[in-house]
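Okay, structure first, notes after.
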Amino acid sequence: MERVHQRMDSDRDFLEFAKRIKHKTGLDLLAYKQDQVRRRLTSLRDRRGFATFASFYHELDRHPDVFETFMDQLTINVTEFYRNPERWKVLGEQVVPDILKGTNRLKCWSAACSTGEEPYSLVLLLSEFIGLQNIEVHATDIDKTVMNKAKEGRYSPMAVKDVPVNLLRKFFRLEQGKYVLADEVKKPVRFREHNLLSHPFDKGYHLIVCRNVMIYFTEEAKYQLYRRFAESLKPGGYLFVGGTEQILGSEQYGLVPMATFFYRKI
């Protein structure tokens, strides 16, 4: 019985913490898969020396550096240029040519863009089809820290290992062991802080890329997000998802599978 009461107290503690975080940031922790999010945040809380989420919240509310650590722990920032190159090959050989049948100017969105490798990969790939002045990429993330790193455009050799050699030579320079991206590639990308679960979505996209993010959300949250992504696409536009995120029943959103991990708006 004592164990049951401890569990109930723990649940109340976390639910109150989630309520306060939502009020402070707009971030709904309850829309994430609970086993994963509670395990990660409990680990962080314990490492910081707090026995309850109530005491941990007071700490992060008072200290911006602790709050920044909390956001880093909550979000996944593992990425690289042309992640899963075989999928980017499909994007370049099938998807982009299909989109360009109806336009020569593309509006794209990299949702949960992290440190910028994904939106910049989009610009690099699209530059082989159209001029940079005809490319518009919106890059959003809930974590301002990673976006600040993205704006710098400095990457490790491991991050750029799958960039085609011709593009690596044309648009990067090696400086103190880092590959520095040319300003002309950075210019088409507009970074903006954005919460997928609560902020409005822009419209009129030809291509939306949201990869390796949906796996952390509940089924209800996924349903809402896929619906909103579909509404944000132009007819004939594409949604590009991650390797473990195939959309079951995609037709309910007005999306049809066109290639593995690519869905076209009807």
Side-chain angles (χ1 to χ4, degrees), residues 64-65 67-93 95-96 99-100 104-196 202 205-213 240-243:
D65 60 319
F67 181 73
E68 184 176 309
T69 301
F70 160 75
M71 291 299 295
D72 286 344
Q73 182 74 8
L74 185 62
T75 55
I76 303 297
N77 295 313
V78 178
T79 184
E80 59 194 24
F81 282 82
Y82 290 78
R83 187 178 183 184
N84 307 123
E86 70 282 357
R87 296 296 93 209
W88 286 83
K89 184 177 181 182
V90 173
L91 181 63
E93 293 182 353
V95 174
V96 171
I99 297 173
L100 288 174
N104 63 356
R105 182 175 181 84
L106 296 184
K107 179 181 177 181
C108 309
W109 178 16
S110 171
C113 66
S114 187
T115 45
E117 288 92 331
E118 183 177 273
Y120 291 142
S121 293
L122 276 175
V123 176
L124 291 172
L125 184 146
L126 295 174
S127 73
E128 300 195 273
F129 294 88
I130 56 178
L132 291 170
Q133 72 277 8
N134 291 325
I135 300 169
E136 178 182 346
V137 177
H138 295 179
T140 65
D141 203 284
I142 198 170
D143 189 338
K144 289 186 288 188
T145 302
V146 297
M147 284 194 294
N148 287 334
K149 292 179 181 177
K151 291 173 185 177
E152 292 178 6
R154 300 175 63 88
Y155 297 98
S156 69
M158 182 60 68
V160 301
K161 63 183 174 57
D162 290 317
V163 175
V165 174
N166 64 312
L167 297 177
L168 190 66
R169 289 173 177 167
K170 183 177 181 180
F171 292 119
F172 292 84
R173 71 178 188 276
L174 192 57
E175 184 179 282
Q176 298 180 335
K178 296 285 188 179
Y179 283 85
V180 182
L181 188 62
D183 287 342
E184 59 191 298
V185 176
K186 294 162 65 176
K187 187 176 180 180
V189 181
R190 302 177 185 176
F191 289 99
R192 177 168 54 90
E193 185 181 357
H194 184 267
N195 184 339
L196 287 171
D202 199 359
Y205 291 109
H206 298 96
L207 174 66
I208 297 174
V209 183
C210 185
R211 308 182 69 212
N212 308 303
V213 177
F240 179 16
V241 301

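Not measured: the values here are computed from a predicted model. One-based numbering along the sequence shown.
- Taken from CZ in F240 to CG in N84, the straight-line distance is 7.0 Å, to the nearest 0.5 Å.
- When all heavy atoms of V180 and R154 are compared, the pair lying nearest together is CG2-NH1, 3.6 Å.
- Considering every non-hydrogen atom in both R211 and V241, the closest pair reads NE-O, 3.5 Å.
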Go through the steps for L207 and L91 under the test side-chain contact (heavy atoms from CB on, under 4.5 Å), then give the verdict.
CA-CA 10 Å; L207 174 66; L91 181 63; 4.0 Å; yes
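- For residues 177-191, the side chain to side chain donor-acceptor pair (under 3.5 Å) pairs, not counting sequence neighbours, are E136-R190.
- Nearest heavy-atom pair across T140 and H194 is CB-CB, 3.4 Å.
- Closest non-hydrogen pair, T145 versus D143, comes out as N-OD1, 2.9 Å.
- Put simply, the side chain of D141 gets close to the backbone of S114: a donor and an acceptor are under 3.5 Å apart.
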Between side-chain atoms of residues 117-127 and protein atoms elsewhere (two or more places apart, or another chain), which donor-acceptor pairs fall under 3.5 Å?
unit_1 : atom_1 : unit_2 : atom_2 : d
E117   : OE1    : T115   : OG1    : 2.6
E117   : OE2    : T115   : OG1    : 3.3
E118   : OE2    : S110   : OG     : 2.6
Y120   : OH     : A150   : O      : 2.9
S121   : OG     : Y82    : N      : 3.0
S121   : OG     : E117   : O      : 2.7
S127   : OG     : L124   : O      : 2.6

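- Taking K170 as the reference, nothing meets the side-chain contact (heavy atoms from CB on, under 4.5 Å) condition, with sequence neighbours excluded.
- In plain terms, the two heavy atoms of L167 and F172 that are nearest each other are O-CD1, 3.9 Å.
- The minimum heavy-atom distance between P188 and I135, with the atom names listed, is CB-O, 3.3 Å.
- The side-chain contact (heavy atoms from CB on, under 4.5 Å) test applied to K89 returns E93, not counting sequence neighbours.
- Under the side chain to side chain donor-acceptor pair (under 3.5 Å) criterion, R192 pairs with no residue at all, not counting sequence neighbours.
- Residues meeting the side chain to side chain donor-acceptor pair (under 3.5 Å) test with K107, sequence neighbours left out: D202.
- Counting heavy atoms from C-beta outward, N166 and E128 have side chains that approach closer than 4.5 Å.
- Under the 4.5 Å side-chain criterion, counting only non-hydrogen atoms from C-beta, L106 is not in contact with N134.
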